[in-house]
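Contents: one structure, followed by commentary.
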Amino acid sequence: MVDQRVVIVTGGGWGIGEATARLLREGGHQVVVSGRREEPLRRVERETGALACPSDVGDPDAAERLVRAALDAYGRLDGLVLNAGIGRGGAVGDLSLADWDEVMRTNVTGPLLLLRAAMPQLLHSRGVVVAVASVSALRNGTGNAPYATSKAALLQLCRSVAVDYGSRGVRANIVCPGWVRTEMADRRMARFAEEAGLGDGGVGAGYAEATRALPLGRPGEPREVAEAIVWLLSPAASYVNGAVLTVDGGATALDPGTLGFDFHVEPR
């Protein structure tokens with residue numbers, strides 16, 4: 001018999017969020033998918049039976065309504081997947097403050113608001129939180145200050161939940177993906193391919209170039225990250241709390257100082 005759980009997945013209309021919702025539904029669980037764009041959520045709803053609840057969780061009232069939608073539909077709440085996020089670039093000296101504020105509101109304040117709204121229910125169900133951060137929370141690249149800072153903050157926000165509420169039965173863990181074929185990453189790879197002069201290869205050429213030095217030598221697929229998230233939500237991970245799980249093809253295991261031994265690296 002399936003130990004059926006009720007899980008809210010933010011950013012659930014595409015990419016890692018969609019893959020997580022699909023995998024949970026395949027396992028017999030009830031899922032509420034949230035996001036700003038209604039059409040992708042309705043598609044996931046039609047195809048999987050998940051409940052679509054369009055909302056901007058950066059709005060305190062919207063976070064409360066999202067939790068209420070789960071309770072009205074299913075009577076309980078057992079898990080949160082904090083996956084909604086946006087990316088903006090810029091170094092500290094030249095980044096747009098408007099971009100900074102938007103990234104922080106979406107990637108940090110939004111998860112905080114949803115955690116606050118959901119915590120009474122999670123305490124009641126001894127529930128589970130999984131935050132989708134990024135390898136950018138652990139390692140940085142050029143021109144990445146807003147995104148990397150927000151993901152590092154999300155990591156510590158989730159660890160705060162693990163520390164503060166673990167004794168009351170709530171677990172919280174973090175997944176840090178590397179390059180994964182998602183809508184947001186596709187847009188970045190298209191720009192990268194053009195900037196790097198990779199010819200007509202487009203997005204595929206961008207991924208190939210960006211991941212060629214990784215131990216696995218390829219980008220990930222959303223389902224591969226979803227498998228890790230669903231495991232962390234499950235009783236199989238019952239003693240995992242405050243953990244940071246990299247799902248990055250080995251990127252954070254690699255010492256960049258050794259790249260020259262295996263690759264001929266030339267500046268573009």
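Heads up: numbering here begins at 1 and tracks the sequence.
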Examine the side chains of [X] and [Y] and answer whether a donor and an acceptor come within less than 3.5 Å of each other.
X      : Y      : result
Asn107 : Tyr147 : no
Asn83  : Thr20  : no
Ser34  : Thr10  : no

Does the side chain of [Y] come within less than 4.5 Å of [X]'s, by heavy atoms?
X      : Y      : answer
Val135 : Trp179 : no
Met119 : Leu123 : yes
Leu113 : Val57  : no

Q) Does the pair Arg42 and Glu45 meet the rule for a salt bridge (Lys or Arg N to Asp or Glu O under 4.0 Å), with working shown? A) CA-CA 5 Å; Arg42 296 300 179 194; Glu45 182 179 59; 3.3 Å; yes

Q. Can Arg43 be said to sit on top of Trp14's aromatic six-ring, NZ or CZ under 6.0 Å from centre and within 45° of the ring axis?
A. no

Q | Co-members of Val132 in a cluster of I, L, V, M, F, W and Y side chains, linked at under 4.5 Å | A | Val7, Val9, Ile16, Leu23, Leu24, Val31, Val33, Leu41, Val44, Val81, Val128, Val130, Val175, Val180, Val225, Ile229, Val230, Trp231, Leu232, Leu233, Val240, Leu245, Val247

**Q.** Side-chain cluster (under 4.5 Å, hydrophobic types only) that Val103 belongs to, other residues
**A.**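 When side chains under 4.5 Å apart are linked, the cluster holding Val103 also contains Ile86.
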
Taking atom [atom1] of [X] as the centre, does the number of heavy atoms from other residues, nucleotides or ligands within less than 6.0 Å exceed 12?
X      : atom1 : result
Tyr207 : OH    : yes
Arg223 : CZ    : yes
Glu194 : CD    : no

Q. So which of Leu115, Val161, Ile8 actually passes side-chain contact (heavy atoms from CB on, under 4.5 Å) with Leu82?
A.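 In the set Leu115, Val161, Ile8, the residue that makes a side-chain contact (heavy atoms from CB on, under 4.5 Å) with Leu82 is Leu115.
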
Q) Is there a donor-acceptor pair under 3.5 Å between the side chain of Gln4 and the backbone N or O of Gly28? A)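 Yes, Gln4 side chain to Gly28 backbone: donor-acceptor pair under 3.5 Å.
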
Q: Check for a donor-acceptor pair, side chain of Asp72 on one end and backbone N or O of Ala69 on the other, with a separation under 3.5 Å.
A: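 A pair under 3.5 Å: no.
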
Q: Would you please test Arg22 and Glu26 for salt bridge (Lys or Arg N to Asp or Glu O under 4.0 Å) and show each step?
A: CA-CA 6 Å; Arg22 289 181 181 277; Glu26 289 170 17; over 6 Å; no

Q: Evaluate the criterion salt bridge (Lys or Arg N to Asp or Glu O under 4.0 Å) for residue pair Asp78 and Arg76; output intermediate values, then yes/no.
A: CA-CA 7 Å; Asp78 303 289; Arg76 59 181 292 147; 2.4 Å; yes

